[in-house]
Amino acid sequence: MCNCNDSKVISSWNDLAVRTPWDIRDLVANTQLTAVSGVFKRSTSFLQSSWTNSPFAYTGNALCLSLHTDDVLTVNNAQQWMFSHKMVNNSATLAPPMRKVAYIRGGKQWLNGLEIDFGASPYSDLQLAIRDNAGVAGDFLDSASGSIPIASFPGTFTAVQMLNITTHDFFGRVSMGLVARNNDTGLYSMFEMELVIVH
């Protein structure tokens, strides 16, 4: 994932720690968590000093829809793409690191939905960003020192939720992180998603 503000090659943790954060808007054109639209902001709670493991997991349900609903051809194209492409695999026989991989369709004409099971606990302060931003010091150029550009989902969420993502015309692999605060424990976790963005 490139960042137009910083062309420096990241070759070690030393480079990553002093890098400016990747802006989620370089990749994501729009996002929603079920019916809640993502709001762009600079977060000072994305970087935490203490983490717990995320209980989130893909349910196995995913979809690709055409945003050109008035065009029968693109609606059918999305259906045909779904027929020939499996977007997520949550099989218990699959190695756990592979269960975080999702294949989505790139371009502003497609809406990709990835269903995620949050479990029984309620979660708030949900933030979607480029995963590697969790390894940087944050952006000190604005008034919020140490801030990270994110898509924020206001509200409290539990059980099964649909994460909808529409990307710009970017194709390749990118790791995203969905940070959430467990309201029962007050602890933060990050659900890692390796997105393979294809045509």
Side-chain angles (χ1 to χ4, degrees), residues 1-8 10 16-49 51 54 56 58 62-68 100 102 104-116 118 122-158 161-183 188-197:
M1 181 72 202
C2 90
N3 178 8
C4 299
N5 299 324
D6 187 353
S7 60
K8 183 176 180 180
I10 306 300
L16 185 62
V18 297
R19 187 189 195 293
T20 57
W22 284 271
D23 192 331
I24 190 170
R25 295 172 300 173
D26 291 342
L27 172 69
V28 175
N30 191 37
T31 184
Q32 289 181 315
L33 190 59
T34 306
V36 177
S37 294
V39 177
F40 174 78
K41 72 176 202 175
R42 295 188 175 277
S43 169
T44 54
S45 62
F46 185 85
L47 300 176
Q48 293 291 315
S49 59
W51 295 91
S54 176
F56 296 1
Y58 291 128
L63 56 85
C64 174
L65 299 174
S66 168
L67 292 173
H68 295 287
K100 69 181 180 181
I104 67 172
R105 200 167 188 185
K108 288 192 278 189
Q109 67 271 37
W110 310 112
L111 182 146
N112 302 278
L114 304 171
E115 196 174 69
I116 301 171
F118 283 30
Y123 287 87
S124 61
D125 198 15
L126 269 81
Q127 308 174 48
L128 181 67
I130 308 299
R131 181 207 59 193
D132 288 1
N133 282 345
V136 305
D139 191 349
F140 291 89
L141 300 178
D142 61 16
S143 60
S145 295
S147 66
I148 301 293
I150 63 153
S152 171
F153 303 101
T156 300
F157 302 88
T158 191
Q161 303 290 330
M162 181 67 81
L163 178 65
N164 296 316
I165 299 176
T166 298
T167 72
H168 295 292
D169 290 329
F170 172 88
F171 303 99
R173 287 181 179 258
V174 63
S175 292
M176 304 292 291
L178 182 62
V179 169
R181 179 185 180 275
N182 184 316
N183 288 358
Y188 279 85
S189 63
M190 179 189 288
F191 176 56
E192 182 184 8
M193 298 169 284
E194 183 179 341
L195 302 183
V196 184
I197 305 170

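Atoms considered below: every heavy atom in the structure, side chains included; atoms not considered: hydrogens, waters and symmetry mates. Keep in mind that what you see is a predicted model, and the values were worked out from it rather than measured.
- Of all the heavy atoms in Pro21 and Ser147, the pair that sits closest is CG-O, 3.8 Å.
- Between atom CE of residue Met193 and atom CG of residue Leu114 there is a gap of 7.5 Å, rounded to the nearest 0.5 Å.
- Looking at residues two or more places apart in sequence or on another chain, you find a side chain to side chain donor-acceptor pair (under 3.5 Å) between Asn183 and Ser124, Arg181.
- For Thr158, there are no side-chain contact (heavy atoms from CB on, under 4.5 Å) partners two or more places apart in sequence or in a different chain.
- Atoms CD and CZ, from Gln32 and Phe153 in turn, are 8.5 Å apart once rounded to the nearest 0.5 Å.
- Applying the ring-ring contact (aromatic ring centres under 6.0 Å, His included) criterion to Phe56, with sequence neighbours excluded, gives Phe118, Tyr123.
- Heavy atoms only, all atoms of each residue included: Met190 and Ser54 are closest at O-CB, 3.4 Å.
- The minimum heavy-atom distance between Pro122 and Thr156, with the atom names listed, is CB-CG2, 3.7 Å.
- Residues that satisfy the side-chain contact (heavy atoms from CB on, under 4.5 Å) test with His168, not counting sequence neighbours, are Ala29, Lys108.
- Shown here are the side-chain contact (heavy atoms from CB on, under 4.5 Å) partners of Leu67, two or more places apart in sequence or in another chain: Leu111, Thr166.
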Please set out all donor-acceptor pairs under 3.5 angstrom arising from side-chain atoms of residues 125-132, sequence neighbours excluded.
unit_1, atom_1, unit_2, atom_2, d
Asp125, OD1, Gln127, NE2, 3.1
Asp125, OD2, Ser45, OG, 2.9
Asp125, OD2, Gln127, NE2, 3.2
Asp125, OD2, Tyr188, OH, 2.5
Gln127, OE1, Ser43, OG, 2.5
Gln127, NE2, Ser45, OG, 2.9
Arg131, NH1, Glu192, OE2, 2.5

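- Side-chain contact check for Val36 versus Gln161: every heavy-atom pair is 4.5 Å or farther apart.
- Remark: Ile197 engages Leu27, Ile104, Thr167, Phe170, Phe171, Val174, Leu195 in a side-chain contact (heavy atoms from CB on, under 4.5 Å) (not counting sequence neighbours).
- Contact check for Trp110 versus Ser66: side-chain heavy atoms found under the 4.5 Å cut-off.
- Phe40 is linked by a ring-ring contact (aromatic ring centres under 6.0 Å, His included) to nothing, counting only residues two or more places apart in sequence or in another chain.
- Between the CG atom of Leu63 and the CG atom of Asn164 there is a distance of 6.5 Å, given to the nearest 0.5 Å.
- Note: Asn133 CG to Ser175 OG = 11.5 Å, rounded to the nearest 0.5 Å.
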Leu163 vs Tyr58, test: side chain to side chain contact (heavy atoms under 4.5 Å, CB included). Steps then yes/no. CA-CA 10 Å; Leu163 178 65; Tyr58 291 128; over 6 Å; no

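- Between Ile148 and Val136, some side-chain heavy-atom pair lies under the 4.5 Å cut-off.
- Residues meeting the side chain to side chain donor-acceptor pair (under 3.5 Å) test with Glu115, sequence neighbours left out: Thr59, Asn61.
- Distance check, rounded to the nearest 0.5 Å: CZ of Arg25 to OG1 of Thr31 gives 14.5 Å.
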